[in-house]
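Reminder, nothing fancy here: chain letters follow the sequence lines and each chain counts from 1. We use all heavy atoms of the structure for the numbers below, so side chains are in, but hydrogens, waters and symmetry mates are not.
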There are 2 protein chains.
Amino acid sequence: MNSFTEENYLKAIFHLSAEDGIVVSTNKISETINTTAASVTDMLKKLAEKKLISYIKYQGATLTQSGRQVAAAIVRKHRLWEVFLVDKLGFKWDEVHEIAEELEHINSEELINRLDHFLGLPSNDPHGDPIPDSQGNINQKKLLKVSKLIPGQQGSISGVSEHSSVFLQFLEKSGLTLGANLTIKDVMPFDGSVTLLINDLKEITISREVAKNILVMI
Amino acid sequence: MNSFTEENYLKAIFHLSAEDGIVVSTNKISETINTTAASVTDMLKKLAEKKLISYIKYQGATLTQSGRQVAAAIVRKHRLWEVFLVDKLGFKWDEVHEIAEELEHINSEELINRLDHFLGLPSNDPHGDPIPDSQGNINQKKLLKVSKLIPGQQGSISGVSEHSSVFLQFLEKSGLTLGANLTIKDVMPFDGSVTLLINDLKEITISREVAKNILVMI
DNA sequence: TACAATTTTTAGGTTAGTCTAAATTAAATT
DNA sequence: AATTTAATTTAGACTAACCTAAAAATTGTA
Ligand SMILES: [Mn+2]
Ligand SMILES: [Mn+2]
Ligand SMILES: [Mn+2]
Ligand SMILES: [Mn+2]
């Protein structure tokens with residue numbers, strides 16, 4: 001088995017390689033996991049030893065088949081637990097991430113499969129992120145940043161790329177919740193702020209920075 | 001905060017002092033936690049430093065007020081999660097202990113109180129053990145071992161003092177489940193085995209060893 | 001291409017939790 | 001009370017995960 005720490009490294013590499021391409025640098029990992037680069041180097045050697053990553057000195061790391069599977073399993077658990085916390089225990093979507101960071105390390109196949117059924121085999125977590133299946137496959141729909149849209153375009157909010165509590169609370173307060181329908185009214189050339197209509201009801205203007213972190217399906 | 005390891009030591013001392021009186025010996029702890037006595041000594045010093053136990057060299061340890069509260073909180077979490085696993089996810093009572101050993105360390109007051117409500121504020125876990133309240137108070141009813149009963153006496157199964165999977169499966173198979181009504185028919189003088197009637201229906205004979213580990217309320 | 005800046009690795013240490021073997025203390029037995 | 005046995009502690013070491021500071025490699029730039 002892998003330790004909590006090893007699992008967290010694998011998860012970090014998983015998320016970083018999804019975002020940034022394939023090879024993940026020591027420094028990027030050290031930032032996301034909040035350790036020093038020296039510590040990361042130590043761990044990369046160890047994970048390579050265990051054949052969970054391939055690692056070339058001074059180049060970076062990529063997950064192997066088996067490393068990716070381990071990482072996907074952790075992400076699956078994280079997201080299923082988030083669904084549980086929101087759907088069953090009534091937490092808000094901005095309150096569940098930290099708790100899920102702990103729950104994702106609970107080690108029982110049986111548990112997670114029963115939980116999956118108990119929750120009704122959900123395909124997405126409370127933030128719109130797709131839940132990997134038990135084989136680790138992810139079915140990700142193509143999503144667009146609101147900042148990429150032009151006036152007249154429509155879309156429904158299907159995800160966010162920023163998960164901080166303040167950001168999620170802001171969205172909640174503004175009515176920018178998962179599933180909301182957006183129509184782009186105007187994009188200000190000066191700073192890129194976007195004026196849009198939510199569910200054909202409420203007009204709101206958001207900064208480019210906010211627009212970049214809201215993902216819609218067209 | 002306390003580490004997983006510290007929590008496990010506190011829990012062990014908690015359970016041992018409930019069973020065996022007050023002062024808990026180094027060796028008893030090392031047995032229940034599966035470490036060497038030397039390791040236990042180290043940890044006892046550390047827990048005493050943190051004022052979670054009082055510890056006298058060569059004498060043994062007892063929980064302080066604050067140590068007992070920490071331990072009770074862990075037991076509360078363990079038992080609530082066991083209820084969740086059985087009532088909501090459909091696990092059998094002999095399958096949940098190991099998973100609860102992991103879940104009991106998840107650190108969120110909010111989570112555990114919401115879980116408590118979600119489960120309907122249960123007062124006992126699937127094995128009949130009482131669930132401490134959020135202040136750490138336990139409301140334990142007086143229970144008797146079946147081995148202490150004499151022919152003619154009646155009682156309902158309200159707990160077990162052995163939690164191994166094999167034992168629980170045996171009970172299940174024999175119809176000796178929580179809530180079953182027992183009438184003592186006969187106690188064999190030779191080896192102490194007990195013949196009893198379950199729910200006025202089925203007669204069964206169990207060894208003295210089994211009888212010692214079934215607890216009834218009269 | 002040569003030098004500077006940045007990134008990454010190595011070297012050497014620390015802490016928590018564990019272990020074995022030896023020493024010490026307490027308990028039991030003669 | 002003396003001695004043997006059992007329980008407990010101490011001493012010394014190990015591993016995982018981390019750190020800082022220094023060295024090495026890579027990358028960017030003049
Ligand atoms: Mn999350
Ligand atoms: Mn999420
Ligand atoms: Mn249990
Ligand atoms: Mn139990």
OP1, OP2 of dA6(D) versus side-chain N and O of Asn27(B): anything below 4.0 Å?
no

Out of curiosity, Thr64(B) OG1 to Leu47(B) CG, how far, rounded to the nearest 0.5 Å?
9.5 Å

Calculate the interatomic distance between Asn2(B) atom CG and dA16(C) atom P; express it in whole Å.
13 Å

Taking only N and O in the side chain of Tyr9(B), is any of them less than 4.0 Å away from OP1 or OP2 of dT18(C)?
yes

Using a 6.0 Å cut-off, check whether atom NZ of Lys88(B) has over 12 heavy atoms from anything other than its own residue.
yes

Side chain of Tyr55(A), heavy atoms from C-beta onward: which of dC19(C), dT8(C), dT9(D) has the nearest atom to it?
dT8(C)

Side-chain N or O of Lys45(A) closer than 4.0 Å to phosphate OP1/OP2 of dT9(C):
no

Salt bridge flag under 4.0 Å for residues Lys77(B) and Glu82(B)
no

Strictly under 6.0 Å, is that where the ring centroids of Phe84(A) and Phe84(B) end up?
yes

Could you tell me whether Glu209(B) and Lys212(B) have a side-chain N and a carboxylate O separated by less than 4.0 Å?
yes

Round to the nearest Å and state the distance from Glu49(B) atom CD to dA16(C) atom P.
11 Å

Taking 4.0 Å as the cut-off, does a side-chain nitrogen or oxygen of Thr26(A) come that near to OP1 or OP2 on dT9(C)?
yes

Could you tell me the separation between the CG atom of Leu44(B) and the C1' atom of dT10(D), rounded to a whole number of Å?
14 Å

Nucleotide N/O to protein N/O under 3.5 Å, stretch nucleotides 2-5 of chain C:
none

Decide yes or no on side-chain hydrogen bond (donor to acceptor under 3.5 Å, both in side chains) for Trp81(B) and Glu104(B), but give the supporting numbers first.
CA-CA 7 Å; Trp81(B) 280 116; Glu104(B) 72 189 3; over 6 Å; no

Which nucleotide, dT18(C), dT8(C), dT9(D), lies nearest any side-chain atom of Thr41(A)?
dT8(C)

Under a 4.0 Å N-O cut-off, is there an ion pair linking Asp116(A) with Arg76(A)?
yes

To the nearest angstrom, how far is Asp42(B) atom CG from dT15(C) atom P?
15 Å

Asn8(B) CG - dA16(C) P separation (whole Å)
17 Å

How many Å lie between CE on Met43(B) and P on dT9(D), as a whole number?
14 Å

For Ile29(B) and dT9(D), give me the distance from atom CD1 to atom P, rounded to whole Å.
9 Å

Quick one: which protein N/O atoms are closer than 3.5 Å to N/O atoms of nucleotides 20-27 of chain D? Pair and distance per line, please.
residue	atom	partner	partner atom	Å
dA25(D)	O4'	Tyr58(A)	OH	3.4

Could you work out, with ring-ring contact (aromatic ring centres under 6.0 Å, His included) as the rule, every residue matching Phe4(B), not counting sequence neighbours?
Phe4(A), His105(B)

Whole Å only: how far is the CD1 atom of Ile56(B) from the P atom of dA26(C)?
11 Å

Salt bridge flag under 4.0 Å for residues Lys45(B) and Glu49(B)
no

